[in-house]
Each structure stands twice: as C-alpha cells, then as structure tokens.
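We count residues from 1, following the sequence as given.
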Amino acid sequence: MLPRSGESVEPGANSGLPEIDLTGPLLYQIMAAELALQRGEAAAAFATYLSVARQTRDPRVARRAAEIAVAGRAGPQALEATALWRELAPDSREARQAHALLLAGSGQLAEAEPLFAANLRESRQPAAEFAQIQRALARVDDRAAAFATLERLATPLLQQEAIAADVHLTLAAGAHQAGLPERAVMAARSALALRPDDPRTVLAAAQLLARPQGKDDPAGRAQAMQLLAEALTRQPGQPDLRLAYARLLLADGQRAAAVKQFEQVLVVDADNLDALFALGVLTLDDRPPRTRSRGYFESYLQVLEKTAGMTHDPDPAYLNLARIAEDERRFDEALQWLAQVEDGPQVFTARLRQAIVLAKLQRVDEARRLLAETSPASDDQRQQLTLAEAQVLREARRFEESYQLLAKALEQSPEDTTLLYDAAMAAERLDRIDEMERLLRRLMQLKPDDPHAYNALGYTFADRNQRLPEAYELVGRAMKLAPEDAHIIDSMGWVHFRMGNFAEARQLLERAFALRPEAEIGAHLGEVLWAMGEHDAARRIWRQVRADEPDNETLSATLARLQVKL
C-alpha cells in the first residue's frame with residue numbers, strides 16, 4: 001500500500017499522491033495496526049490507520065481505514081473514513097462511489113445522489129454502474145425514497161439509446177423490490193418495447209408479469225405465458241425462454257403441456273440439467289417400471305459428472321432413483337443409490353430412507369441401529385427419527401412396539417399432529433378403533449383443515465361396514481378440502497359401495513384409479529366391478545395392479561375373500 005522504507009513518492013508522479021517518508025515511528029504505527037487487526041482488534045486498527053491518514057494526507061491509508069471499518073460493519077467509522085478518502089482524492093471515482101454507497105446505506109440519500117450522478121456521467125459502463133447503484137439502494141429502509149432517487153438518476157441515462165432498455169430493466173427490478181408492482185411492469189414493458197427479441201428482456205418482463213408482488217398472480221401468469229409463447233414462435237431455439245414457459249405452465253396446472261416444453265428444451269440442448277431433472281420428477285408418477293424417469297435422472301447425473309464447475313446438486317437425483325428402485329422392490333439397488341448421499345443437506349433424509357429399505361429387507365436390527373446412530377440437528381429431525389423407527393417396526397409387523405413408541409413420543413408432544421396421525425394408524429393396525437378415533441378427533445380439533453384425518457376415520461368405518469352415514473359425512477368433508485386427492489376419492493367410492501350405491505362407487509373409483517393406478521384402489525374398483533357382474537373387467541384390473549404390487553395386502557385379502565384366482 002505504501003512505498004518501502006527509505007522510498008518516497010513524487011507529488012506529480014502518481015496522481016497527486018503526497019510525498020511520504022516512511023519514518024520508523026510511522027512504519028511502527030502501520031505494523032501495529034495490522035497486528036491489531038490479526039488479533040481481532042479492528043477498532044484499534046481503524047483508529048490507527050485513520051490517524052495516519054490524517055497525518056500523512058495519503059488517500060491510500062484512508063482507503064485502508066475504510067476497508068477495515070466496512071469489514072467490521074462499523075457504519076459511522078466507514079463513513080468517516082470514506083469522507084476523508086474523498087477529501088484526499090477528490091478525483092477518485094472509487095472513493096466517490098464507496099462514500100455514496102455508505103451514505104445511501106445509512107439513509108442519507110440526498111447526500112449520496114449527486115455522487116452517484118457524477119460517477120454515472122463519467123462511467124464507461126453506465127448501465128452496469130446503474131445496476132450496482134440499484135442493488136445498493138435496495139437495502140435502504142425507505143424503499144419509496146430510494147426508488148425515487150433511482151428514477152432521477154435514470155432520467156439522463158434513458159436518453160442514451162444504446163443502454164435505455166437495460167436501464168428500464170434495472171428500474172423494473174428496483175420498483176419490484178420497492179413494492180411497486182405496476183411501476184415494475186411498466187418499466188419491464190418499456191424495455192420489451194425497445195428490445196422485443198432480446199431473451200433477457202423477455203425473461204425479465206415475464207417474471208415480473210407472473211409475480212408482480214413476489215406472489216403468484218393468475219392473470220399476470222397468463223400474460224407472461226402469452227409473451228413467452230410469442231417469443232418462442234420467433235426464437236424457438238432459446239432454451240432459457242422455453243424453461244421459463246414450462247415452469248409457468250406447470251404453475252398453471254398444465255402438466256402435460258409443461259412436459260412437452262421441457263422435452264423441447266432437450267431437443268435444443270440435450271444436456272440441459274434443469275430440463276432433465278424436471279422431467280425426471282414429472283415422470284415419477286408413471287406406472288412401474290418407471291423407465292422414463294430413471295433415464296432422465298441417470299442422464300442428469302452423467303451430465304453432472306462430465307461437466308466441471310456445475311453448481312447443480314446430484315443428491316436429489318440419488319434420492320429419486322432410490323425411490324424408483326424401492327417402489328419397484330429393487331431394495332438392494334435403492335440402498336446403493338442412498339449410499340451415494342454422503343454429506344450435505346440431504347444426508348438426514350437419505351439415512352431415514354436407508355432404514356426403511358433395510359426394514360423391507362427384514363434387516364430390522366440394522367435399520368434401528370442406523371437410526372440410533374443418526375444425530376438429529378433439530379427437534380423436527382428428532383421427531384422424524386421417531387416416525388421412521390415406528391415405520392421400521394411396522395414393516396416388521398411389530399405393530400404393538402410401533403404403537404407404544406409413538407404413544408411415548410405423544411406423551412412428550414401431545415399436540416403434535418404428525419405423531420397423532422401416525423399413532424392413530426398404528427392403533428388401527430391393532431384393531432383399537434376407539435383409540436384411533438380418539439386420536440383422530442383430537443387431530444381434527446388441532447388441525448380442522450387437514451383432510452387426511454377425516455378421510456382416515458371415514459374410510460376405517462366404511463372398511464368395517466360400520467357407521468356408514470358418519471363415514472359418508474367424514475369423507476365428504478375430506479373431499480371438500482382436497483377434491484383431487486385420489487386416495488380420498490377412493491374412500492368415497494368405497495363408502496358408496498358399502499352403502500349399496502354401485503354406480504356412484506364405480507364412477508368414483510374409476511376416477512381415482514385414473515389419477516393413481518395403485519393396487520389398493522384397483523382392488524376396490526375390481527370388487528365393485530365383480531359385484532356388478534363384470535368379472536372379466538374385474539380380473540383385468542386385478543391382474544394389472546398385481547403386476548405392479550404383487551404383495552399388496554388389500555389386493556391379496558380381496559382375492560382371498562372373493563375366492564378369486566387370477
């Protein structure tokens with residue numbers, strides 16, 4: 001920073017820097033300040049450097065004092081140091097900008113504005129500098145005043161045709177952060193009018209239209225989708241535009257259309273990680289074998305492996321591949337995928353799934369040991385460990401132990417709704433219906449908008465052919481809360497079947513099976529068809545679901561009760 005001892009700087013040789021003779025005492029002060037900084041004594045280091053700066057009138061020393069104050073988050077001291085730095089180097093753009101940023105951060109907008117304006121006039125890249133100023137002003141508490149400052153600074157820049165669109169985009173970002181959605185959209189549209197075919201401008205406008213106040217807006221989303229669709233008609237080879245369009249379609253509930261757009265991204269960019277992962281997730285609901293989903297996740301991992309410097313995380317793909325393998329009863333493969341998750345935020349989830357898979361392999365002691373060795377980082381994770389151990393015991397058909405474990409946890413957290421639900425389900429497996437009902441009724445009190453408690457109790461009554469009017473009422477309430485939930489629709493179909501309403505039951509169960517072609521729903525649908533005399537149709541359904549889930553208890557019990565051989 002300063003010349004070595006014995007050297008001096010000629011006043012006219014280096015931008016007007018003062019001639020300084022590094023005497024012993026001066027050098028001692030600087031070394032003492034640096035040692036103090038290393039010991040964590042930032043205040044002492046700052047005071048020494050500021051004193052030396054005033055003594056020597058060297059702007060470099062003032063700058064060092066400012067750096068120490070900023071690093072130590074000492075706002076008033078940083079302002080003092082940058083003010084001195086500006087005084088000692090009046091022509092320094094860097095000093096002016098540093099002081100302006102600190103003034104703005106402390107709410108002194110009137111003092112900061114002329115400094116910002118001066119730097120914008122002198123800048124070789126005014127649009128980039130304007131964006132930096134916007135980011136600084138976004139941290140000001142008085143957001144309206146900060147945006148008003150930004151608008152005034154933008155006025156001369158908007159007269160420059162080459163950068164006007166960029167300035168409008170920066171204004172749009174500033175208005176958005178200031179909570180001015182209409183102004184943000186207006187600025188984005190102004191940028192779009194100047195550069196209608198620029199992908200970055202189209203993306204920014206679409207994002208602001210879809211989420212004008214940081215929240216989903218259906219009307220704005222429709223406008224954003226139209227904007228992106230029109231842009232893609234003109235520029236079909238823009239993967240970023242197509243990704244944004246696909247995500248908006250997904251948010252709009254247009255899943256099939258979104259899948260097509262993600263697939264189109266891969267036509268242009270076969271290694272696009274965002275599209276590969278999205279398609280892997282969106283095809284998880286395919287009927288087994290989930291060949292498409294597995295292929296997308298495996299491709300995602302292959303691209304990650306061959307591409308250096310990518311910030312995408314492989315662990316979610318490992319977890320999803322493990323889920324696919326587990327659903328298809330390839331438990332050893334599931335364990336191999338889960339073992340790939342070695343650190344990071346997904347490790348805890350991976351260890352829980354490993355325990356469940358081990359239980360399905362009847363390696364119960366190993367599963368419980370793994371859970372015991374897994375350290376929770378929070379009360380929520382501690383609860384998840386309890387729930388996982390209860391599931392491990394349930395997989396081993398140790399229902400009494402599972403129930404007792406959950407009941408003990410409930411003694412510590414009697415109003416934990418997740419524990420209440422799982423304990424109720426454990427009580428049902430032990431045929432303790434009164435206890436199940438007590439737990440679910442308590443859950444309904446604590447969480448009246450949770451459809452699953454109503455559904456579970458209503459289905460249990462219907463499955464036992466008891467209290468059918470009450471079952472109808474309970475499942476009906478669940479359907480109002482979650483009208484598209486396939487399992488709740490299945491429950492209502494089963495209630496109607498028990499009440500003798502075969503036509504209504506068939507309609508509901510066919511709808512549920514179309515949503516989720518699972519074995520339990522298929523078992524119910526097949527039984528309704530069987531009762532209606534459509535034996536061939538029933539057998540087709542049962543064969544289909546048995547191929548997917550050969551060990552499903554509900555299906556096995558249904559076939560045994562009806563004495564049907566497939």
A.B. asks: Check L266 against N272 and note the closest heavy-atom contact, atom names and distance.
C.D. replies: CD2-O, 4.0 Å
A.B. asks: Mind listing the closest non-hydrogen atom pair of Q381 and A377 along with its distance?
C.D. replies: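 Here Q381 and A377 meet closest at OE1-N, 2.8 Å.
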A.B. asks: Can you name the ring pair (Phe, Tyr, Trp, His ring centres under 6.0 Å) partners of F297, sequence neighbours left out?
C.D. replies: F277
A.B. asks: Look at atom CD of Q445 and say whether more than 12 heavy atoms of other residues, nucleotides or ligands are closer to it than 6.0 Å.
C.D. replies: yes
A.B. asks: Say you draw a straight line from CD of E411 to CG of L406; how long is it, rounded to the nearest 0.5 Å?
C.D. replies: 11.5 Å
A.B. asks: Show the nearest heavy-atom pair for residues A100 and L115, with the distance to one decimal.
C.D. replies: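 Closest pair (atom of A100, atom of L115, distance): CB-CB, 3.7 Å.
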A.B. asks: Using only heavy-atom distances, determine whether the side chains of T201 and D198 contain a donor-acceptor pair under 3.5 Å.
C.D. replies: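 Yes, side-chain donor-acceptor contact under 3.5 Å.
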A.B. asks: Check step by step if side chain to side chain donor-acceptor pair (under 3.5 Å) holds for D252 and Q254.
C.D. replies: CA-CA 6 Å; D252 203 50; Q254 301 184 49; 2.8 Å; yes
A.B. asks: Would one find more than 12 heavy atoms of other residues, nucleotides or ligands at under 6.0 Å from atom CG of D141?
C.D. replies: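 It does not: D141 CG has 12 such atoms or fewer within range.
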A.B. asks: Return yes when atom CZ of R351 has more than 12 non-hydrogen atoms of other residues, nucleotides or ligands closer than 6.0 Å, and no otherwise.
C.D. replies: yes
A.B. asks: Might you point out which heavy atoms bring G174 and F147 nearest each other, and give the distance in Å?
C.D. replies: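 In terms of heavy atoms, the two residues are closest at C-CD1, 3.7 Å.
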A.B. asks: What do you reckon, is CZ of R73 surrounded by more than 12 foreign heavy atoms closer than 6.0 Å?
C.D. replies: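 Open: at most 12 neighbouring heavy atoms sit under 6.0 Å from CZ of R73.
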A.B. asks: Any donor-acceptor pair under 3.5 Å linking the side-chain atoms of Q264 with those of R242?
C.D. replies: no
A.B. asks: Checking side-chain polar atoms at under 3.5 Å, does Q336 have a donor or acceptor matched by the opposite partner on Q340?
C.D. replies: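 No.
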A.B. asks: Keeping the roles fixed (side chain from T56, backbone from V52), state whether a donor-acceptor pair exists under 3.5 Å.
C.D. replies: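 Yes; at least one donor-acceptor contact below 3.5 Å.
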A.B. asks: Nearest 0.5 angstrom please: L157 CG to D166 CG, how far?
C.D. replies: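 It comes to 10.5 Å.
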A.B. asks: Report yes or no: do Q108 and S106 form a side-chain donor-acceptor pair below 3.5 Å?
C.D. replies: yes
A.B. asks: Between P59 and W85, what is the shortest heavy-atom contact and its length?
C.D. replies: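 So the two residues come closest at O-CD1, 3.6 Å.
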A.B. asks: Does a side chain donor of either Q383 or D379 reach within less than 3.5 Å of an acceptor in the other side chain?
C.D. replies: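 No - no donor-acceptor pair under 3.5 Å links their side chains.
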A.B. asks: Considering residues at least two apart in sequence or located in another chain, which fulfil the salt bridge (Lys or Arg N to Asp or Glu O under 4.0 Å) criterion with E326?
C.D. replies: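 Salt bridge (Lys or Arg N to Asp or Glu O under 4.0 Å) list for E326, sorted by chain: R353, K360.
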A.B. asks: Determine whether F348 and L352 make a side-chain contact, defined as any pair of heavy atoms from C-beta on separated by less than 4.5 Å.
C.D. replies: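 Contact flag for F348/L352 side chains = yes.
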A.B. asks: Within a reach of under 6.0 Å around CD of E122, are more than 12 heavy atoms found that belong to other residues, nucleotides or ligands?
C.D. replies: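 More than 12 within 6.0 Å, yes.
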A.B. asks: Would Q132 and R135 count as having a side-chain donor-acceptor pair, cut-off 3.5 Å?
C.D. replies: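 Looking only at side-chain atoms, R135 and Q132 do not form any donor-acceptor pair under 3.5 Å.
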A.B. asks: Determine yes or no for a side-chain-to-main-chain donor-acceptor pair under 3.5 angstrom, with S92 supplying the side chain and A95 the backbone.
C.D. replies: yes
A.B. asks: Quick check on salt bridge (charged side-chain N to carboxylate O under 4.0 Å, His left out): which of R93, R124, R96 does E129 satisfy it with?
C.D. replies: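 Passing option: R93.
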